[in-house]
Amino acid sequence: MTPILHVDMDAFYASVALRERPDLRDLPVAVGGAHRGVVLAASYPARAHGVRSAMPMSRARRLCPQLVVLAPDFELIGSVSRAVHECFRRITPLVEVLSADEAFLDVGGAGRRLGPPEVVAELVRATVHDEQGITCSVGVAATVSVAKLASRLAKPDGVVVVAPEDVPRMLHPLDVGLLYGVGDKTRARLQRLGLRTVGDVARTPRAALHELVGARQADHLLALAWGTDRGELVVGRAPGFGGGEPDSSMGAQHTFGRDVADRDGVLRELLRLTTSVTGRMRGRDLVGRTVAITVRSTDFTTVSRSRTLAEPTDVTREVYETAVALFDALGPQRRAVRLVGVRVEGLGPRGAVHHQHVLGERERGWSEADRAVDRATRRFGGAAVRPASLL
DNA sequence: TCTGGGGTCCTAGGACCC
DNA sequence: TCTGGGGTCCTAGGACCC
């Protein structure tokens, strides 16, 4: 059994923002959209007022009227994230990146060089703090899910080590909602049946749990509840954060500042979103076969529709026309639209596509037009070239 | 000014095929 | 002609994670 570290930045987006604004350090700060947005991260003073991430910003402001709201600087966040991942890889090459601010480190090999896991954990924390000026917390355990729980218990700015023999004692009193994969809905379902703690789940017969949440989820929960999930890392992982397999879908969605009642307004946004998605696809030489749209109405009801094409594509025009057809097939909108989204699924490398038929004149023309736009965008920026209807 | 935006995975039914 | 049984693809929705 090799020790695994789970490293998790403390209030990452907020910490990055506060690095630029040290004058706000002791004030309640939230990063997120000021309008119709949610809290992406809350500083610890803000948390003291009950502000949490994923909370609507309007609610956060009610809880804490003096809350300082900052817009996220995604470029800065991305560069700090890459730098932090680099710190990890200097300590061990065995890094599985989970997201911008989280990773697992297998320090079995580094142990010989650097010492026992708790010493390596402190080394990681000191390095990140010295180089990036932000704090993180580290959990140490033999499996990934226990390490992840341990880092949570270590927050903020600490280390928690869980020895294998301590796993049940440490896990079983915890709320089931802390298990990876148990969100609000599953937690409520389990609670209705009297399963409140991890220990309650651990002691439930497999067959009974199968009935409750399905076979797959049941096996998953039992493994987590006993701390017997995987102990090997998938090095790389998380596309965009450090390699790994390409995405299997790419999409974009937008919540309107004010709900939109007219078709043209929705289609304009669909075109903007499609342009962004297919541009990203071409940038990574990916094509996809299934086009999906999401439409959320004023009353928050959300529908999705998808259509699989005969051939994979990265052509803006094709994806857009499919998206419009899917939208129109919904019929006249009875309620104003709050959000629309476009997603292309079933992605694969462009080179691997064998065309069943010779590309028609029309398709080839649009494909070349897209590439010309991409070149111009690279040279002159995104504002330089855009569809006429977006001007 | 209740409820963002980027994803992944699972389920379940129907079509279709052998 | 009392009706199997997989496997795969497609679609819609839902839950979850960061």
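Below, chains carry the letters A, B, ... as their sequence lines are ordered, and counting in each starts from 1. A quick note: this is a predicted structure, and the numbers were derived from the prediction, not measured.
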Self-check item: Nearest-neighbour nucleotide for the A:S99 side chain, B:dT8, C:dC18, B:dG4 considered
Solution: C:dC18
Exercise. Measure from the side-chain heavy atoms of A:Q253 and tell me the nearest of B:dG5, C:dG13, B:dT3.
Key: B:dG5
Self-check item: Touch class at under 4.0 angstrom, heavy-atom based, for A:G181 against every strand present
Solution: sugar-phosphate
Quiz item: With respect to the phosphate group of B:dG4, does any side-chain polar atom (N or O) of A:H254 fall under 4.0 Å of OP1 or OP2?
Solution: no
Quiz item: From C:dG13, C:dA15, B:dG4, pick the nucleotide closest to the side chain of A:S304?
Solution: C:dG13
Practice problem: Starting at atom CG of A:D8, determine the distance to atom P of C:dC18, rounded to an integer number of angstrom. | Solution: 8 Å
Quiz item: Can a side chain N or O of A:R296 be found less than 4.0 Å away from OP1 or OP2 on B:dG4?
Solution: yes
Exercise. Could you check which of C:dA15, B:dT3, B:dT11 has an atom nearest any side-chain atom of A:R216?
Key: B:dT11
Self-check item: Lys/Arg-Asp/Glu bridge criterion (N-O < 4.0 Å) met for A:R263, A:D328
Solution: yes
Exercise. Would you mind classifying the nucleic acid contact of A:S248 as base, sugar-phosphate or nothing, using non-hydrogen atoms under 4.0 angstrom?
Key: sugar-phosphate
Quiz item: Rounded to the nearest Å, what distance is computed from the CZ atom of residue A:R289 to the C1' atom of nucleotide C:dT8?
Solution: 12 Å
Exercise. Determine, answering yes or no, if A:Y180 is stacked on C:dC17 under the 5.5 Å centre rule and the 30° plane rule.
Key: no
Quiz prompt | Touch class at under 4.0 angstrom, heavy-atom based, for A:A292 against every strand present | solution = nothing
Self-check item: Minimum-distance nucleotide to A:K148 side chain [options: B:dG6, C:dA15, C:dC18]
Solution: C:dC18
Quiz item: If you check every side-chain atom of A:R338, which of C:dC10, B:dT3, B:dG6 has the closest atom?
Solution: B:dT3
Quiz prompt | Ion pair check, A:D299 and A:R338, cut-off under 4.0 Å | solution = no
Quiz item: What nucleic acid atoms does A:E102 come within less than 4.0 Å of, heavy atoms only: base, sugar-phosphate, or nothing?
Solution: sugar-phosphate
Quiz prompt | Along DNA chain B (nearest heavy atom to each residue), the more 5'-positioned of A:R62 and A:F256 | solution = A:R62
Quiz item: Nearest to the side chain of A:L40, which nucleotide is it out of B:dG4, C:dC18, C:dA15?
Solution: B:dG4
Quiz prompt | Atom-to-atom span, CD1 of A:I77 to P of B:dG6 - whole angstrom | solution = 14 Å
Quiz item: Between A:R89 and A:E86, does at least one N-O distance fall below 4.0 Å, as a salt bridge requires?
Solution: yes
Practice problem: Please determine, for B:dC18, whether a Watson-Crick or G-U wobble partner exists with both distances under 3.5 Å, and give it or none. | Solution: C:dG5
Exercise. For C:dC17 versus B:dT3, give the span between their P atoms, rounded off to a whole number of Å.
Key: 22 Å
Exercise. Look at all strands and tell whether A:L339 reaches a base, only sugar-phosphate, or nothing, counting heavy atoms closer than 4.0 Å.
Key: sugar-phosphate
Quiz item: So, A:R284 and A:D314, do they make that salt bridge, N to O below 4.0 Å?
Solution: no
Quiz item: Given B:dT3, is OP1 or OP2 found less than 4.0 Å from the side-chain N or O atoms of A:S58?
Solution: no
Quiz item: OP1, OP2 of C:dT11 versus side-chain N and O of A:T308: anything below 4.0 Å?
Solution: yes
Quiz item: Among the nucleotides C:dC16, C:dC18, B:dT1, which one has an atom lying closest to any side-chain atom of A:T186?
Solution: C:dC16
Quiz item: C:dA12 P sits how many Å from A:R343 CZ, rounded?
Solution: 16 Å
Practice problem: Using a cut-off of strictly less than 4.0 Å, decide whether A:T290 has a side-chain nitrogen or oxygen near OP1 or OP2 of C:dC10. | Solution: no
Quiz item: Rounded to the nearest Å, what distance is computed from the CG atom of residue A:L309 to the P atom of nucleotide C:dC10?
Solution: 11 Å
Quiz item: Does A:D285 pair with A:R282 as a salt bridge, N-O distance under 4.0 Å?
Solution: no
Quiz item: Does A:R305 place a side-chain N or O at less than 4.0 Å from the phosphate oxygens OP1/OP2 of C:dG13?
Solution: yes
Quiz item: Hey, does A:M250 reach any base, or is it just sugar-phosphate, or nothing, if we go heavy atoms under 4.0 Å?
Solution: sugar-phosphate
Self-check item: Gap between atoms CG and P, on A:D101 and C:dC17 respectively (whole Å)
Solution: 15 Å
Self-check item: A:G251 vs A:V213, nearer the 5' end of DNA chain B by closest nucleotide
Solution: A:G251
Quiz item: Rounded to whole angstroms, how far apart are CZ on A:R59 and C1' on B:dT3?
Solution: 11 Å
Practice problem: Would you tell me if any nitrogen or oxygen in the side chain of A:S306 comes within less than 4.0 Å of OP1 or OP2 on C:dC10? | Solution: no
Practice problem: Could you check how far CZ of A:R36 sits from P of B:dG4, rounded to whole Å? | Solution: 8 Å
Quiz item: What's the closest nucleotide to the A:P56 side chain, out of B:dC10, B:dT1, B:dT3?
Solution: B:dT3
Exercise. Kindly point out which of B:dT8, B:dG4, C:dG13 is positioned nearest to the side chain of A:T255?
Key: B:dG4
Quiz item: Can A:D370 and A:R317 be counted as an ion pair, charged N to O under 4.0 angstrom?
Solution: no
Exercise. Determine the contact category for A:L179: base if any of its heavy atoms lies under 4.0 Å from a base atom, sugar-phosphate if only primed atoms, P, OP1 or OP2 are that close, otherwise nothing.
Key: sugar-phosphate
Quiz item: Parallel under 30°, tilted from 30 to 60°, perpendicular over 60°: which one fits the rings of A:W226 and A:H172?
Solution: perpendicular
Practice problem: Could you check if the base of B:dC2 is syn or anti? Syn means the glycosidic torsion is within 90 degrees of 0. | Solution: syn
Quiz item: Does a donor on one side chain sit under 3.5 Å from an acceptor on the other, for A:D374 and A:T377?
Solution: no
